[in-house]
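Values reported hereafter were calculated over all heavy atoms of this structure, with side chains retained and with hydrogens, waters and symmetry mates removed. Start at 1 with the first residue, then count along the sequence. In this text the structure is predicted, and so the values were computed from the model without any measurement.
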Amino acid sequence: MLHGLILVVGPDGAGKTTVLDEFERQLGQPLQRAHSRPGTIAGRSSDGSPVTDPHGQRPRGVVLSLAKLLVVLADTVIGTWRRWKPLARDGLLVVERGWYDLAVDPHRYRLPTSFAPLVAALGRFVPRADVVVLLTGDPAELHRRKPEIGVAEVTRQLAAWEQLAGRAGRQVVRIDTVAQPPTESAAALLAALARPAGRWRRVPAAPARLALRATGPGPALAIYRPHRRPARVATRVNAPALRLGLAPRTDAPPIPRLARLATRGPRPATQLAAFRSSGPDRWIVGIADQHGLHTVLKAGPHDDTGLDTEVAALEALRPTATLALPTLAWEEVVDGWRVVAMPALAVTEPVTDLDRVAELTTQLVRGDLGQPVVHGDLAPWNLGVGGGANVVWDWEEAELDAVRPLHDLTHYVIRSGTLLGSCTPHEAARLLTGPSGPGAHHLQGLGVDPVDAPSYVRAYLDRTAPATVEERTFRRALAAALPPTK
């Protein structure tokens, strides 16, 4: 869901209440709203009721004004940290006017106009909003809507907000409420907030080789599915660290025009996460909105053969009732990079049963997807279960129309044993070549005599290369443990 502290400002007549009412309707969920200050100390804040004569009362004296100003400052600073910030971490909190309104229109708050520079200076102690939404428009039209303060004063306030809005928040969004009706103004606000916002931060405790990063806590992090127990435990601190701003800042992935690409689909992009893939200069980006992860981008150099292979495989293969595949949404070449977009697959749990993996590899070799295929990188992190079906992604090393019994299953067992410690080399040999193991069931499903299993495993070892030193050692021990070929 959308979250953050949003400050909505502008002169009388800009339509703050009207636009926010329509924004709440379009958002489709109750909106947390506040006005002026938190009201945690020294009385309650304004309830946002219309003020018909904002300049009707004379300013207080200097001493009383200074005392009042210090009380409001204390309330704003303490209340923002104690009340507003916690609300903004878990949802969207929209505040009208805020602290800097005292500097833009001191007369409204019965402060001497000479206090404006002091109010602006004290603003450095006030926590900044995530986004400042400045409602603007033709001063004459804004005055016509609310004629209490005059066209010249409206013009002055708009100019003052242009100077102060950047101090009040990290990002400024300007919406002309005169040039467009409330429905369009609210839609523009929703679109602005739905853009991937926030600074990129490194995700704590993730493997350095992945360079995992995100724009904030949220469902886009679902693209990272660790299988090692320490990494799974570490993911529990990721969201809190990102939410509290404790994760170190970093650069966005080096994908050209990523912000535009992230919003190309029909759903908003409120949060992004990304990590470096195994391919050279290849990145995986997860895009999420308030409902969850909805799009995955794969990006790499325009001549990335792995992306070529994956696109060709997904265009040629057809899913079945028990085996789901990604689909292609769109692809684009941008400044020498190729970007491929796929709708996120609904994955609810990992595949941990090796017999289930064996059956899946049988389906691939048998041609159940329309033609025989070798996945090439079948591993626990490329498999899942969603809606009762096996889900398989990452087809960059696929070989279409290839019949290679035991290839994918051997790859899965070796990667699981090496990286997850799921089996020893001797256990791997038994699983792949034993008379009642998953390897035998796989070959029987293909009509192949299980006695030939050792030769198929050796063929895999001869055809492929180890990815790490640890895997090289595992493969050597596995080869030594294989029964002799008959």
Side-chain angles (χ1 to χ4, degrees), residues 277-280 282 304-306 308-310 312-313 316-317 351 354-369 371-383 392-486:
S277 182
S278 57
R282 189 186 304 149
D304 188 327
T305 57
D308 290 339
T309 299
E310 177 151 30
L317 301 176
V351 175
L354 191 57
D355 287 328
R356 185 165 187 164
V357 177
E359 174 58 28
L360 185 154
T361 60
T362 302
Q363 293 174 333
L364 298 182
V365 179
R366 195 167 54 202
D368 289 11
L369 299 182
Q371 60 180 286
V373 61
V374 172
H375 182 276
D377 190 22
L378 202 68
W381 41 91
N382 291 334
L383 295 176
V392 185
W393 55 90
D394 287 350
W395 293 80
E396 295 100 332
E397 298 181 28
E399 296 179 66
L400 294 172
D401 205 21
V403 179
R404 289 181 180 161
L406 272 182
H407 182 103
D408 280 331
L409 185 60
T410 302
H411 184 90
Y412 182 95
V413 170
I414 290 176
R415 286 294 169 89
S416 300
T418 303
L419 298 176
L420 305 181
S422 61
C423 62
T424 67
H426 283 76
E427 290 170 339
R430 177 179 55 79
L431 291 169
L432 293 169
T433 64
S436 59
H441 295 159
H442 165 70
L443 294 177
Q444 289 168 351
L446 297 174
V448 176
D449 191 342
V451 75
D452 294 327
S455 63
Y456 287 119
V457 175
R458 288 191 175 91
Y460 168 87
L461 295 174
D462 292 339
R463 189 184 303 117
T464 61
T468 63
V469 174
E470 292 79 10
E471 184 177 328
R472 180 182 293 111
T473 302
F474 190 100
R475 289 162 65 110
R476 287 174 178 170
L478 170 61
L482 291 174
T485 302
K486 297 182 180 180

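The nearest pair of heavy atoms linking Asp355 to Pro438 is OD1-CG, 3.6 Å. For the pair Leu482 and Ala429, the tightest heavy-atom approach, listed with the atom from each and the gap, is CD2-CB, 4.2 Å. Annotation for Asp452 and Ser455: closest pair O-OG, 2.6 Å, computed over non-hydrogen atoms. Between Gly306 and Asp304 the shortest heavy-atom distance is N-OD1, 2.8 Å. Contact record, Pro466 with Glu471: CA-OE2, 3.6 Å, taken as the closest heavy-atom pair. Taking every heavy atom of both residues into account, Leu400 and Ala312 meet most closely at CD1-O, 4.0 Å.
Between the side chain of Asp408 and the main chain of Gly376, a donor-acceptor pair closer than 3.5 Å is present. Looking at Asp401, its side chain never comes within 3.5 Å of a backbone N or O of Gln371 through a donor-acceptor pair. At distances below 3.5 Å, at least one donor-acceptor pair connects side-chain atoms of His375 with backbone N or O atoms of Trp393. Panel note: side chain Ser422, backbone Ser416; a donor-acceptor pair is recorded below 3.5 Å.
To the nearest 0.5 Å, atoms NE2 (His441) and CD (Glu359) are separated by 11.0 Å. Rounding to the nearest 0.5 angstrom, the gap separating the NE2 atom in His442 from the CG atom in Leu354 is 11.5 Å. Taken to the nearest 0.5 Å, the SG atom of Cys423 stands 8.0 Å off from the CG atom of Leu432. If you take CH2 on Trp381 and CG on Asp394, they are separated by 11.0 Å, rounding to the nearest 0.5 Å. Atom CZ of Phe474 and atom CZ of Arg415 lie 11.5 Å apart (nearest 0.5 Å). To the nearest 0.5 Å, atom CZ of residue Arg366 and atom OG1 of residue Thr361 are 10.0 Å apart.
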For Leu383 and Leu360, what are the C-alpha separation, side-chain angles and deciding distance, and is it a side chain to side chain contact (heavy atoms under 4.5 Å, CB included)?
CA-CA 10 Å; Leu383 295 176; Leu360 185 154; 4.0 Å; yes

Test Leu378 against Val392 for side chain to side chain contact (heavy atoms under 4.5 Å, CB included), laying out the working first.
CA-CA 8 Å; Leu378 202 68; Val392 185; 4.1 Å; yes

CA sep, side-chain torsions, deciding dist, call: Thr464, Arg475, side-chain hydrogen bond (donor to acceptor under 3.5 Å, both in side chains):
CA-CA 11 Å; Thr464 61; Arg475 289 162 65 110; 3.0 Å; yes

Residues Arg282, Glu396; criterion side chain to side chain contact (heavy atoms under 4.5 Å, CB included); working and verdict:
CA-CA 11 Å; Arg282 189 186 304 149; Glu396 295 100 332; 3.5 Å; yes

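Between Tyr460 and His411, the side chains place a donor N or O and an acceptor N or O closer than 3.5 Å (distance only, hydrogens not considered).
You'll find the side chain of Leu443 stays beyond 4.5 Å of the side chain of Asp449, heavy atoms only. In this structure the side chain of Glu310 never reaches within 4.5 angstrom of the side chain of Glu397, judged on heavy atoms.
Tested against Leu364, the residues Val403, Leu369, Leu317 include a single side chain to side chain contact (heavy atoms under 4.5 Å, CB included) partner, Leu369.
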